[in-house]
Trainee: 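Supplied in structure tokens, the structure appears directly below.
These numbers come from a predicted model, not from an experiment.
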Amino acid sequence: MLGVYLIHEHMDISASWTGWLIGTPSEHLGGFLIQLAESVLFIFFFGTAVDLLRGKCFMVLERMLARTSVGKKCASAVRHVDEIMKH
């Protein structure tokens with residue numbers, strides 16, 4: 001799965017991503033917990049969606065390559081890279 005750390009701690013967006021999701025932080029415990037849950041769920045589902053998209057892209061790429069003579073030789077390399085990306 002795409003690392004959650006990579007999404008919300010990237011040096012270009014780490015200081016601003018919370019503003020995109022929750023706007024003004026709550027000063028009350030209940031509001032904070034709701035905003036925390038929203039952020040965690042958003043990051044999880046976004047990471048899952050990106051990982052599913054990555055998997056589909058590799059599957060399409062492998063199918064396209066498998067139709068060529070060179071692609072048949074490269075298919076095992078694509079599968080290998082896909083396995084590396086999964087972990």
Trainee: In terms of hydrophobic clusters joined by side-chain contacts under 4.5 Å, are Leu36 and Ile43 together?
Mentor: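 Leu36 does not cluster with Ile43.
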Trainee: Is it possible for you to say whether Leu52 and Phe44 belong to one hydrophobic cluster, with membership spreading through side-chain heavy-atom contacts below 4.5 Å?
Mentor: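 In one cluster: no.
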Trainee: Can you get from Val50 to Ile84 by hopping between Ile, Leu, Val, Met, Phe, Trp and Tyr side chains that sit under 4.5 Å apart?
Mentor: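 Shared cluster, no.
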Trainee: Report the distance from atom CE of Met64 to atom CG of Leu61, rounding to the nearest 0.5 Å.
Mentor: 6.5 Å
Trainee: Please report the closest heavy-atom contact between Gly31 and Ser26, naming both atoms and the distance.
Mentor: CA-OG, 3.4 Å
Trainee: Please enumerate all residues that pass side chain to side chain contact (heavy atoms under 4.5 Å, CB included) together with Met59, with sequence neighbours excluded.
Mentor: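 Partners of Met59 by the side chain to side chain contact (heavy atoms under 4.5 Å, CB included) criterion, ordered by chain and then number, come out as Lys56, Arg63.
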Trainee: Using the test side chain to side chain contact (heavy atoms under 4.5 Å, CB included), find all partners of Leu53 that sit at least two apart in sequence or belong to another chain.
Mentor: Cys57
Trainee: I'd like to know whether CD of Glu83 has more than 12 heavy-atom contacts from other residues, nucleotides or ligands below 6.0 angstrom.
Mentor: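 Result for CD/Glu83: enclosed.
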